[in-house]
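What follows is one structure encoded as structure tokens, with my remarks underneath.
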Number of protein chains: 4
Amino acid sequence: MNKLNEKASGVYIISATPFTDNGELDLASADSLTDFYLEKGVSGITILGMMGEAPKLTDEESLQFMQRVLARVNGRVPVVVGVSHASHRHVERLGKTAMELGAAGVMLAPGANLKTDPQVEQYFLNVAGLLGKDVPICLQDFPQATGVYTSVPVILRLIEALPQVVMLKHEDLPGMRKLSQVRSQSLEQGLRRISILVGNGGLFLPQELARGADGAMTGFAWPEMLVQVCQAYAQGDPERGEDIFDCYLPLLRHEFQYGIGLGLRKEALRRRGVISSAAVRQPGPVLDSIDLAELTGLMSRLEQRLTDRGVN
Amino acid sequence: MNKLNEKASGVYIISATPFTDNGELDLASADSLTDFYLEKGVSGITILGMMGEAPKLTDEESLQFMQRVLARVNGRVPVVVGVSHASHRHVERLGKTAMELGAAGVMLAPGANLKTDPQVEQYFLNVAGLLGKDVPICLQDFPQATGVYTSVPVILRLIEALPQVVMLKHEDLPGMRKLSQVRSQSLEQGLRRISILVGNGGLFLPQELARGADGAMTGFAWPEMLVQVCQAYAQGDPERGEDIFDCYLPLLRHEFQYGIGLGLRKEALRRRGVISSAAVRQPGPVLDSIDLAELTGLMSRLEQRLTDRGVN
Amino acid sequence: MNKLNEKASGVYIISATPFTDNGELDLASADSLTDFYLEKGVSGITILGMMGEAPKLTDEESLQFMQRVLARVNGRVPVVVGVSHASHRHVERLGKTAMELGAAGVMLAPGANLKTDPQVEQYFLNVAGLLGKDVPICLQDFPQATGVYTSVPVILRLIEALPQVVMLKHEDLPGMRKLSQVRSQSLEQGLRRISILVGNGGLFLPQELARGADGAMTGFAWPEMLVQVCQAYAQGDPERGEDIFDCYLPLLRHEFQYGIGLGLRKEALRRRGVISSAAVRQPGPVLDSIDLAELTGLMSRLEQRLTDRGVN
Amino acid sequence: MNKLNEKASGVYIISATPFTDNGELDLASADSLTDFYLEKGVSGITILGMMGEAPKLTDEESLQFMQRVLARVNGRVPVVVGVSHASHRHVERLGKTAMELGAAGVMLAPGANLKTDPQVEQYFLNVAGLLGKDVPICLQDFPQATGVYTSVPVILRLIEALPQVVMLKHEDLPGMRKLSQVRSQSLEQGLRRISILVGNGGLFLPQELARGADGAMTGFAWPEMLVQVCQAYAQGDPERGEDIFDCYLPLLRHEFQYGIGLGLRKEALRRRGVISSAAVRQPGPVLDSIDLAELTGLMSRLEQRLTDRGVN
């Protein structure tokens, strides 16, 4: 498998982690989910991220899931593995294990309680040093979840200091100016142009592609939309991209809700026949009848729109 | 002027506070902005809220602005005045002054650093006690800005204990289930049905109206959309409401961004000829050329959509 | 081994988790540390708490350490095991494993992102339901670390609803009035009187014992002081307790510092010959020469004071 | 009056703001409190800080209090005025007014919601630019209250860029290494040596003086202790300083508690005959009978200790 590099673009889907109704890891659904993502045209798959409920897995479950997905993908697209852990030595262990098993790179969020630029920078320098230059890193910049804010100068210094940093998962919010600044200041300083994929459910995907993002790394239950929008922008047709995006925006905005959003995403994947159960490990969202009916309504409206556009 | 009561519905627009380019209070624009809101069919106006930059005004400026807007409205619609202050005695003073000057009621967010249900409940009991039963209160539930979380049982106990609590500004996020619970549990317990208006820029307005909200209290720069959506739901035509909403959703989502959203809102109001300057008091967002072009693009797409729908 | 119950009092020391200089789990030091705690007269030992760096252990390391300490203690005092985990099913698994291996009970902090009283209460009800009535629970109330605030009414409702809740680890800060309220309101409502042990390094131990605490659950590197102070209060001689406490207060206050405090605690234990290395797993505090000299100075002053008092 | 400069040392007491029992500003007590501080030998007085309940005053009350204290001090010691405000233009106005009225300088905390080094740095650059070079600034670094973290490199860059930054109020916690780093790195870079006064109630005053602090800026109700400790260190007798400090440490640690600490401080000042009422503006701490008795006990023990030392 080729390793992750700065040329990465398109959609790196954030994979859900499927469970059975009683909360066991559902490896059969891991297969069907992987197949679904590949069919929809994703460029890569990211597993064991926050929306993959990684903190709710045991060490052994994480390993099982990682092995299963890597085997199923079998080198067809790069797989990025989330390796965040409270202890540096375990980030190192997880990262090296992932690479040995065939991952293309690792995704790394900053540890808890980092408060200033030097603290954030040092965190990544330390962990990258332990992982070594052979492990490509995607920096995850997601302050709403981590509580850690990474400034543009820190990102640029890390790009300069660490050749293995090849990708930024950009999901600061609001963060569009930050994205523009990373691109423009990186150019001004003559730094490597790394891959930038955007998160936050893709809520600002068209604007972010226009500002220099290379694609999306998020887990929206309709990955085909993300793929089509990225392709339209890549083909120089942003209006088409924005038209497609707007069709899905009501649903995307709905799934974007923190907490319950994961429940909605899994339920949508279940309804689409991709996973066998929408179960989220507890504590986690459980949809009630109003939530389910609301999702049905939004999905019907999407169907109607796509029909109106002659897509279906 | 009639006082605010539980029957309030429709759109209570959150008014911006206009400044001149050099940051002085712009009372002439306060007039034109007020006229604009009234023309667009709002049911009420809320001034001196967070998005009205109230903390950036001196005591004297707050009073001037309040007087000017109340005089301009001249009783045509209810005006709600934000009176949050770090000191109870000043909440009391501000609230009583507002009522004397013709306000219909006050909006009150919880003070800082309230951590538990008893603390939040006691806060509102204390302040409402000082204001007295003659001052109608809109509870503002906006934890993303205040850091204070108000549970459903606390809201219900306040409805029961305080007849002057006639409205909830609902902007917990995600908060749709909470809205449903306030409605259903209030009914089960035989409590008064108070008015619930939703905030968060209206990002979930259709779903929230379906769940029992009576309208919106937010400041989107196209208040006519909010008005039309609320009317459609009130007339039993939610599909029409949702169709209108979806046209504006790309722009609404864009303006929803914290921080820069206020700059975008003021710039949109300026472009629509409503206020003379888009200036936000510093520290605050300043739009750059990319931001301005992005807004232009989204506004053009809205125009096109409205034309396509035969609205323009 | 007898299970943990409401009569628990005295010092339940929060055990450090010793590592070798290169960060491996140091099970030999786990033995000597356990012996040290027992020699100093502790009434119980709590392992795998936050100051025990539990989040930095793999599942396997946690199990190894738990087994080693339980074997070394061999029933002489109760051992409480921290079982906090992001997933309910793993709290259940860890708790049941601990009890099978001979633990006296489990310590449980609330999960992340619980914001209101009903959320906090439901969390404990759910987890306690999974653990079952045979697993005694110590509620850990430590909002500075968890970000979760547990109100007095919630604590009282949990005492009423869950017979297995036998202990409160009280370390809200400031929290002395809360401690008094739990005691007085519990009495007024005719609830069980549970054990309350205080944390926060013991910074307010004398005042808290006077307010109705039964002892301390903290990890100060001079547990003999904690034991002597608790004994003095139990014997009705608070002045003696406070005199002893004041001797150690400069050092205790020094060790109380978040973050670096753990490094100072482990270094003090190393200097006292109890563990072989002061290493903290990275990321974590590393003492520099100034820190080490400062600790030396404070330890010398303690020696001098104890000599002056005729203790040494 | 001479302006504040880098040579400032000793105790700059954080002044309480006295109210009458019914919450009115008590200007007579402002006089007696000012006299008390001067009698105890403080080197300066800081008014309208957070512990001075500044956010609970109206604009007019702030001005009245400022004028009263400045008139009473009448140039005998420098007076530093807190001028933090949500709007830059009002910081400027407050700062210039204070200087015109005879203040020696202003104290400035960073605004809310600053998350990264560049944001914090820019905040101070902007505000200092508005105030101009003639207004000496004390940077307040108090992240526990502001939520803003200021890194060592930012402090150093501000010292370099802004000649008017002459003092750092250091109250990051834990923050002793930070203090050492500011001193050592400032020296290495050949920067001006500014005054550093420590806050946090003085909880680590001896260690901080040893690490290069020039004194304290805090509001402990026994300022004579702070003065004596600073003098002892200035005279090269740290052991004496630490001995004095340790006598008061039980009370100091007690007053250090956030929230209720202000109530305890005002009550102690009232008992010492300095102010007429211990009232804190609501919402704020109200001491109950247990709190009052506890304070009495700690004050008695202090008396006894001072008698034992032959001080009284």
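Computed from a predicted structure; not experimentally measured. In what follows, chains are A, B, ... by sequence order, proteins preceding strands, each numbered from 1.
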Margin query: Is it the case that atom CG in A/Asp237 sees more than 12 heavy atoms from other parts of the structure closer than 6.0 Å?
Written below: yes
Next item on the list: Would you mind telling me which of B/Asp288, B/Leu298, B/Ile260 has the largest number of heavy-atom pairs within less than 4.5 Å of chain A?
Entry: B/Asp288
Notebook entry, point to check: Do you know which two heavy atoms are closest between B/Phe204 and A/His254, and how far apart they sit?
Noted result: CE2-CA, 4.2 Å
Margin query: Using 0.5 Å steps for rounding, measure from the CZ atom of A/Arg177 to the CD1 atom of B/Ile290.
Written below: 8.5 Å
Checklist line | Residue selection (most heavy-atom pairs with chain B, distance under 4.5 Å) from A/Gln257, A/Glu294, A/Arg301, A/Arg211 | finding: A/Arg301
Notebook entry, point to check: Considering all heavy atoms of both residues, which atom of B/Leu203 and which atom of A/Arg253 are nearest to each other, and what is their separation?
Noted result: O-NH1, 2.8 Å
Check: Between A/Asp243 and B/Arg305, is the closest basic N to carboxylate O distance under 4.0 Å?
Finding: no
Next item on the list: Could you have a look at B/Glu239, B/Gln207, B/Met176 and say which one has the most heavy-atom pairs with chain A under 4.5 angstrom?
Entry: B/Gln207
